[in-house]
Amino acid sequence: MARTLISLMGLLLLCCLAEAEYLKYKDPKQPLHVRVNDLVSRMTLEEKIGQMTQIERGVASAEVMKKYFIGSVLTGGGSAPARQASAEAWINIINDFQKGALSTRLGIPMIYGIDAVHGHNNVYNATIFPHNIGLGATRQVDVALDPDLVKRIGAATALEVRATGIPYTFAPCIAVCRDPRWGRCYESYSEDPKIVQAMTELIPGLQGDIPAGSPKGVPYVAGKTKVAACAKHFVGDGGTINGVNENNTIIDRHGLLAIHMPAYYNSIIKGVSTVMVSYSSWNGIKMHANQELVTGFLKNTLQFRGFVITDWEGLDRITSPPHANYSYSVEVGIKAGIDMVMVPYNYIEFIDDLTFQVKNNIIPMSRIDDAVRRILRVKFVMGLFENPLADDSLVDQLGSQEHRELAREAVRKSLVLLKNGDSTEVPLLPLPKKTSKILPLPKKTSKILVAGSHADNLGYQCGGWTIEWQGLSGNDLTRGTTILNAIKNTVDQQTEVVYQENPDANFVKSNNFSYAIVVVGEHPYAETNGDSMNLNIADPGPNTITNVCGAVECVVVVISGRPVVIQPYLSYIDALVAAWLPGTEGQGVADVLFGDYDFTGKLPRTWFKTVDQLPMNVGDPHYDPLFPFGFGLTTKSRQTS
């Protein structure tokens, strides 16, 4: 009897303890601030610093997540579970990391991030959209900007990112590129801050429309089909001297706020979840150490309530050479207002260093608590606590036909027609599909020539940040349609399409071609590797232009991440099209070349005559472009004629 009584009392005590252990932070009915404060109050210093730590997939494991309370994992450019990994493979590895995070004392889920900057570009079979410079060129038929297109691209990208179990993308880049010599210029929508502001519609596409009446600056993510976004790189990354990546932007405060800051206002109003800091400096002060702008302006003046994240090894690069004085970098970076650190490899060093500085009152606990509150706020808003594990319900969204059609539409709208015959009375474009009609009698099966290093190269067409960080050459990197295949898909079946990458003039002259399409441009690059002081078309492109266009009527399609040197060859060229970096859906190029749709695109940046003019932006006193900002000829499609 006594034993039974003791057992009953024990059960009663356990029930009471269970009721007492009600955890407010796990209750989705509780207000956001209550959940955040409740969880922060329960956390140890080690758990807090773990939340501030983001590590690369290659050094992550369930055990590491649990032991160090890691708050975030990322996939770096080109990092994948396997070559051509399936959506399911991505889901499995991410869920494994997540289970490690959930097994910790407080069960705080980690947030997984990836650079999905023109579609889900790290992942095989994903839809690759045009890079931002192309989207900045998109116009509707009435020449108005088309931010709704960008919003739809954001929504499609969110679905494809979620299809692989990932809830966070490091996009959009809202840099205002003021010098095309910068290797990241294609990540910028325009030299004009107004266009960049309009293109922040990508954010509600990625995250969902922020509800009416939401408090300013509070992040918002609308459930399991949306992802957290990241406005980057704060601030002035597109204004560095001579376009040198990660360099110094010399401009007064008024200029910084008027040119480089406006898109951040829009991003915060639209509920952007995170902001990434720039490697660059403003008037000699590294942005990763700039407390005045990160805390004073972004957090206090603009009332941004999401979290601020470093760029890859951003703390290391505060010093020159990088990592020369890591303790100093940690101190000034965290004090500046950085909340999460993309370490990404040497996480034990970061954790130990930051722990030491907090315990020795070098960095105040209040700064750590602010960082952790911001990180948790995003995680709660996203629903990560309620739905931490991914499932395979969206895998069919990856590279779906609907998304490919959207990308094809974006390609069509991004093309800018710079020249179309020597006079408007005799335009070359749109091209005829059945070219025998324009041949003299007697009629015979006609031939067209397609030439150039970029005509049949999906990797060149997609550019950097595609499967690999620096991009790739060739057609086996992912699934898509090259411009050559798009042309073959479009012309009449009786029209012979001859492809020669770099034919000599005699070959061109001797083959009685009706016309030629030459596709040339830049090779893929990313970041510093793309910095260029000459901006030349890659060899043998110039030779291909002169050989082909000197012998037959030709249209030149330029595949590039920015304006390139074209003036010396312009007299050879009958029609000239800027196609930027169109992505996997090359059929969109043929759609417009052959008149199924109009040319409507307008230059989002100035096309220079010579690099000696640079930097040169619209409104400058020395403005003397080859093609001015906003320029773009139109055609009348066969649908509307």
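Heavy-atom basis, side chains included; hydrogens, waters and symmetry copies ignored. The residues of the chain are indexed from 1 along the displayed sequence.
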Are the aromatic ring centres of [X] and [Y] under 6.0 angstrom apart?
{"X": "Y279", "Y": "H233", "value": "no"}
{"X": "Y186", "Y": "Y525", "value": "yes"}
{"X": "H118", "Y": "F129", "value": "no"}

[X] vs [Y] side-chain heavy atoms within contact, under 4.5 Å:
{"X": "W607", "Y": "P180", "value": "no"}
{"X": "Y623", "Y": "M616", "value": "yes"}
{"X": "M533", "Y": "V611", "value": "no"}
{"X": "D620", "Y": "V618", "value": "no"}
{"X": "K433", "Y": "T495", "value": "no"}
{"X": "L398", "Y": "V123", "value": "yes"}
{"X": "L417", "Y": "T634", "value": "no"}

Original post:
Are more than 12 heavy atoms from other residues, nucleotides or ligands located less than 6.0 Å from atom OH of Y572?
Top reply: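 It does not: Y572 OH has 12 such atoms or fewer within range.
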
**OP:** Kindly check if the number of other-residue, nucleotide or ligand heavy atoms within 6.0 Å of CD (Q567) is above 12?
**Re:**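 Yes, the 6.0 Å shell around CD holds more than 12 heavy atoms from other groups.
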
Pairing donors with acceptors under 3.5 angstrom, does anything connect the side chains of [X] and [Y]?
{"X": "N512", "Y": "K447", "result": "no"}
{"X": "N121", "Y": "T466", "result": "no"}
{"X": "N502", "Y": "T544", "result": "yes"}
{"X": "W182", "Y": "D531", "result": "no"}
{"X": "T584", "Y": "Q461", "result": "no"}

Electrostatic pair [X]-[Y], nearest N-O below 4.0 angstrom:
{"X": "R412", "Y": "E409", "result": "no"}
{"X": "E585", "Y": "R404", "result": "yes"}
{"X": "R139", "Y": "D598", "result": "no"}
{"X": "D146", "Y": "K413", "result": "yes"}

Original post:
Is there a donor-acceptor pair under 3.5 Å between the side chain of R605 and the backbone N or O of G136?
Top reply: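 Side chain of R605 to backbone of G136: no pair is present.
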
**OP:** Please answer whether the main-chain N or O of V244 pairs with a side-chain N or O of T240 as donor and acceptor at a distance below 3.5 Å.
**Re:**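 Pair found, side chain donor or acceptor close to backbone of V244.
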
Original post:
With under 30° as parallel and over 60° as perpendicular, where do the rings of H454 and Y460 fit, or are they tilted in between?
Top reply: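 Plane angle between 30° and 60°, so tilted.
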
Original post:
Between W465 and W469, how do the two ring planes meet: parallel, tilted or perpendicular, split at 30° and 60°?
Top reply: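 Geometry flag for W469 against W465: perpendicular rings.
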
Original post:
Given K609 and V565, is the side chain to side chain contact (heavy atoms under 4.5 Å, CB included) satisfied, shown in steps?
Top reply: CA-CA 7 Å; K609 293 176 180 176; V565 174; over 6 Å; no

**OP:** Any chance you could lay out the side-chain hydrogen bond (donor to acceptor under 3.5 Å, both in side chains) test for N132 and E187, step after step, and finish with the verdict?
**Re:** CA-CA 5 Å; N132 287 354; E187 297 183 58; over 6 Å; no

Original post:
How many angstroms lie between SG in C230 and CD1 in I174, if you round to the nearest 0.5 Å?
Top reply: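 If I round to the nearest 0.5 Å, the distance is 9.0 Å.
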
